[in-house]
Structures are given as C-alpha cells and as structure tokens.
Number of protein chains: 2
Amino acid sequence: MPSRKETARPMRLGSLAGDVGYALKRAQAVVSADFSASLATLGLRASQFSALVLIDQNPGASQTRVSLALGVEKANFVATIADLERRALVVRSRSVEDARTYRLELTAQGVDLLSRARELQVAHESRLTDSLGAGRHRQLVELLELLSTVA
Amino acid sequence: MPSRKETARPMRLGSLAGDVGYALKRAQAVVSADFSASLATLGLRASQFSALVLIDQNPGASQTRVSLALGVEKANFVATIADLERRALVVRSRSVEDARTYRLELTAQGVDLLSRARELQVAHESRLTDSLGAGRHRQLVELLELLSTVA
DNA sequence: TATTGTTATACTCTATAACTATA
DNA sequence: TATAGTTATAGAGTATAACAATA
C-alpha cells in the first residue's frame, strides 16, 4: 500500500470514518507490512510462518486440518507445504491409519528457522505495544478475537 | 475463507494466539465477507464503494488524490474508475487549472446507488454492533484508527 | 525536471471445480 | 458414498517500471 502522506488538503472520509471494515483493512495493511518485511529477512511469508507455528504446535496433523485451522482452502495450501518441504523445513509422511493423509512435522531446520522467526514476531509485537501502549494492545487483540468468534 | 468449523480436536494456535497481525487478518476476513456479500447485491465491490464515498465527499478531486487517500496505487485505481465511469456512476472532466488531471464527480445515478449502498453499510455495521455490543464496537474502531496512525 | 493518468507486467491471495487414491 | 491431496483456472488486490501529455 502506498504511504498515506497527509497533504495540505486532507480528504473528507465521510461514512468511511468510524467504519469497522475500512479501519480493519487500513490497520491490517500497516501491521502486515511491518511483519512481512521482518519475516522477509528469513525468506518467509506470513502465511508460511503461521503454517510452521501450527505444525510445530500440532505435530502429525494433516494438511487439511492445518489449512482449515488457518482459514485457508486446502487447494491453496498445497503450494505452501510443497515449498516448505522443498526447503527441508517440513516433512510429510503418509499416515498408517489413513493412507490418504499426510502427517506433517517440522525438521530440525524447521524448528531452528521457526525459533528465529518467533524472535522477529516478538520484536514486531513489541513495536506495536510501544506505539499503542500495552493496555490498548491487549485490548485490541481481545476485541479482534471476540469479533472473529461472534460475527 | 473457508469457515472455521470447530472440530472435535481443536488445533493449538501457539504464538498465533494473542498476535495482533493474525487476529487482524481473521477479523478482516469475517467482516469483509459480510459486507462484500451485501454490496454484491448492488454489483459493487468494497473498493468501488469506498471510491464512491470519497468522490461524493470530495467532488472535483483528482484520481491520484482519491487513490492516495484510499491507500491504493494510482495505477491500480485506473480500472476502478474506468468501470464506475462505464456504468455512468462517475464522470471525469479535464481540469481547467491543470490539464493533466481529471475532476471526479458522481452522476445522479452514482448518488442514488451510493445512498442505497450506504443503507447496506448501516445494516452491516448494525450486525457488528449487535454481535459485539455498541461500546466494544466503538472501542474497536478507535483502537484500529489509532493503530493506523501511530504504527 | 516533476507529476497525472495510463499500460504492461508480475506476484500474492482467494475461490471453485474436477480429478486420483483411498476410506 | 465420502474424504485427502492435487491440479487447473480465474478473479481480486497489490507493487513496480515506463510512457505521453502537461506542468
């Protein structure tokens, strides 16, 4: 997104001001730009990072289970996993109970890269906490998670 | 986004829980799905709706000024305006002060469609207020707008 | 020299249908 | 029949470079 330089004549936003959807999109753009730039130093995208976290936390889970938990279509998750496997960060092994599914696990390299990515995540969240204040930071996450579950 | 059906075995989210970026992305998906489906009944996308609002609020503004205010590259805004003009919702006229720029304005049809879209927007926000509570709804918007400006 | 609107291009994310192999 | 993974495809959104017309 291009940076919104506040020019001499600011634009009237009309009903966009106070709109949750519009505010969400703008905030999401700002936050993801910061985190994505940070993760890029490890050659990771945000979607790959979240996949690594879920596989780490749920070793042996199938592709479909992970993709559903991430809110990603299983069809669109194939390329993500293929890339992580090609880079030897994730291993897939056929399940013995159900030969249709793969069991996903991190390799030692995957664990290592994830721990470095987590440091970047912590630093990223710290920047947000510094900008927003710890109380408002926590409050914002609570409201967002509440919105995702009730709406 | 596929709906997150809470299965028998929920996945552990690890460091994704409490993460602002992840919470933002999930909430944004939920909210934009509802609003986009609503706007689709008028043949509008959210990006077109926001363009109509800004042109209505700032008649005579140029494409670049509107696109910058929306956080959209001017190159990517060309097709949006072209479609709105093709549908006779927006008119472009060369500026007399600066022949490089267009003055953007809504047509009577554009004003009419925008007013119907605004009703959908109000209904959409009402659904969110019902789900979240009026206080939390207002609080969320404040935090998001704060985040966009300070981060 | 700089800016506006434009074209071209490419990459990401997302959504859907259809196939295979297994169940 | 139903599900897991896969392929193919198409639509959005986004980012950058380069151009003609105008400033």
Side-chain angles (χ1 to χ4, degrees), chain A residues 1-5 7 21-22 24-26 28-30 32-33 35-37 39-40 43-51 60-85 90 92-104, chain B residues 1-5 7 21-22 24-26 28-30 32-33 35-37 39-40 43-51 60-85 90 92-104:
Chain A
M1 196 170 68
S3 61
R4 168 145 58 163
K5 49 176 131 177
T7 54
Y22 187 71
L24 271 172
K25 188 182 175 240
R26 299 304 296 240
Q28 212 259 323
V30 169
S32 87
F35 190 42
S36 294
L39 279 181
L44 282 179
R45 278 166 297 163
S47 58
Q48 296 177 310
F49 170 73
S50 57
S62 69
Q63 286 185 201
T64 298
R65 283 236 306 146
V66 173
S67 68
L68 275 180
L70 289 175
V72 174
E73 294 293 337
K74 60 179 179 166
N76 297 326
F77 197 57
V78 173
T80 299
I81 286 295
D83 186 57
L84 294 175
E85 189 180 39
V90 166
R92 301 188 303 172
S93 52
R94 282 290 182 189
S95 167
V96 290
E97 296 108 355
D98 187 338
R100 294 173 302 183
T101 72
Y102 286 115
R103 293 175 44 84
L104 300 177
Chain B
M1 197 169 67
S3 61
R4 169 145 58 163
K5 48 175 133 178
T7 54
Y22 187 71
L24 271 172
K25 187 182 174 240
R26 299 304 296 241
Q28 211 260 323
V30 169
S32 87
F35 189 43
S36 294
L39 278 181
L44 282 179
R45 280 166 293 163
S47 58
Q48 295 177 311
F49 170 72
S50 57
S62 69
Q63 285 186 202
T64 298
R65 283 236 307 146
V66 173
S67 68
L68 275 179
L70 289 175
V72 173
E73 294 293 338
K74 60 179 179 162
N76 297 327
F77 196 58
V78 173
T80 299
I81 287 295
D83 186 57
L84 294 175
E85 188 180 39
V90 166
R92 301 189 301 173
S93 51
R94 282 290 181 189
S95 168
V96 289
E97 295 108 357
D98 186 340
R100 294 173 302 182
T101 73
Y102 285 115
R103 293 175 45 82
L104 300 177

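In what follows, chains carry the letters A, B, and so on, assigned in the order in which the sequence lines appear, proteins first and then strands, with residues in each chain numbered from 1. Please read these numbers as outputs of a predicted model, since none were measured by experiment.
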Participant: Atom OH of B:Tyr102 and atom C1' of C:dT6: how far apart are they, to the nearest Å?
Facilitator: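 Rounded to whole Å, this separation is 9 Å.
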Participant: Does the side chain of A:Tyr22 reach to within under 4.5 Å of the side chain of B:Leu70, using non-hydrogen atoms?
Facilitator: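 Side chain of A:Tyr22 against side chain of B:Leu70, heavy atoms only: contact under 4.5 Å found.
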Participant: Does A:Arg65 place a side-chain N or O at less than 4.0 Å from the phosphate oxygens OP1/OP2 of D:dA4?
Facilitator: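 So the side-chain polar atoms of A:Arg65 never come under 4.0 Å of the phosphate oxygens OP1 or OP2 of D:dA4.
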Participant: C:dA10 C1' sits how many Å from B:Asn76 CG, rounded?
Facilitator: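 Whole-Å distance recorded here is 11 Å.
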Participant: Could you give the CZ-to-C1' distance, from A:Arg103 to D:dG5, as a whole number of Å?
Facilitator: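 For the pair A:Arg103 CZ and D:dG5 C1', the rounded distance is 17 Å.
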Participant: Specify the separation, in whole Å, of atom NZ of B:Lys25 and atom C1' of C:dT12.
Facilitator: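 Value for this atom pair: 11 Å.
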Participant: Without swapping roles, check the side chain of A:Arg94 against the backbone of A:Arg100 for a donor-acceptor pair under 3.5 Å.
Facilitator: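 Such a contact is found between A:Arg94 side chain and A:Arg100 backbone.
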Participant: Which heavy atom of B:Arg26 sits nearest to which heavy atom of A:Ala69, and what is that distance?
Facilitator: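 Of all heavy-atom pairs spanning B:Arg26 and A:Ala69, the closest is NH1-O, 3.0 Å.
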Participant: Given atom CD of A:Gln63 and atom P of D:dT7, what is their separation to the nearest angstrom?
Facilitator: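 These atoms are roughly 10 Å apart.
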Participant: For B:Ser36 and B:Ala33, indicate whether the former's side chain and the latter's backbone hold a donor-acceptor pair under 3.5 Å.
Facilitator: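 No: the side chain of B:Ser36 does not pair with the backbone of B:Ala33.
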Participant: How many Å lie between CZ on A:Arg92 and C1' on D:dG5, as a whole number?
Facilitator: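 In whole Å, D:dG5 C1' and A:Arg92 CZ are 8 Å from each other.
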Participant: Whole angstroms only, please: what is the CG-C1' distance between B:Leu68 and C:dT4?
Facilitator: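 Distance, rounded to whole Å: 11 Å.
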Participant: Could you list all N or O pairs between the protein and nucleotides 21-23 of chain C that sit under 3.5 Å apart?
Facilitator:
| from | atom 1 | to | atom 2 | distance (Å) |
| --- | --- | --- | --- | --- |
| C:dA23 | OP1 | A:Ala99 | N | 3.1 |

Participant: With 3.5 Å as the limit, what N/O pairs link the protein to nucleotides 17-20 of chain D?
Facilitator:
none

Participant: Would you mind reporting whether B:Gln48 and B:Thr80 have side-chain heavy atoms less than 4.5 Å apart?
Facilitator: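 Sidechains of B:Gln48 and B:Thr80: in contact.
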Participant: What pair of heavy atoms forms the shortest contact from B:Ala46 to B:Leu39, and how long is it?
Facilitator: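 Minimum heavy-atom contact is CA-CD1, 3.7 Å.
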Participant: May I ask you to verify if any side-chain N or O of B:Thr64 is less than 4.0 angstrom from the OP1 or OP2 atom of C:dT3?
Facilitator: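 No, no such contact exists.
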Participant: Specify the separation, in whole Å, of atom CG of B:Asp83 and atom C1' of D:dG13.
Facilitator: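 For the pair B:Asp83 CG and D:dG13 C1', the rounded distance is 15 Å.
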Participant: What's the spacing between A:Phe77 CZ and A:Leu68 CG if we round to 0.5 Å?
Facilitator: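 Here the rounded value is 10.0 Å.
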Participant: If each of A:Glu73 and A:Ser47 is mapped to the nucleotide of DNA chain C with the nearest heavy atom, which maps nearer the 5' terminus, i.e. the 5' end?
Facilitator: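 Residue closer to the 5' terminus by nearest nucleotide: A:Ser47.
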Participant: State, yes or no, whether a side-chain contact exists between B:Gln63 and B:Arg92 at a heavy-atom distance under 4.5 Å.
Facilitator: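 Yes, close enough: below the 4.5 Å cut-off.
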Participant: Taking the side chain as everything from C-beta on, heavy atoms only, tell me whether B:Leu104 gets closer than 4.5 Å to B:Ile81.
Facilitator: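 Yes; the side chains approach each other to less than 4.5 Å.
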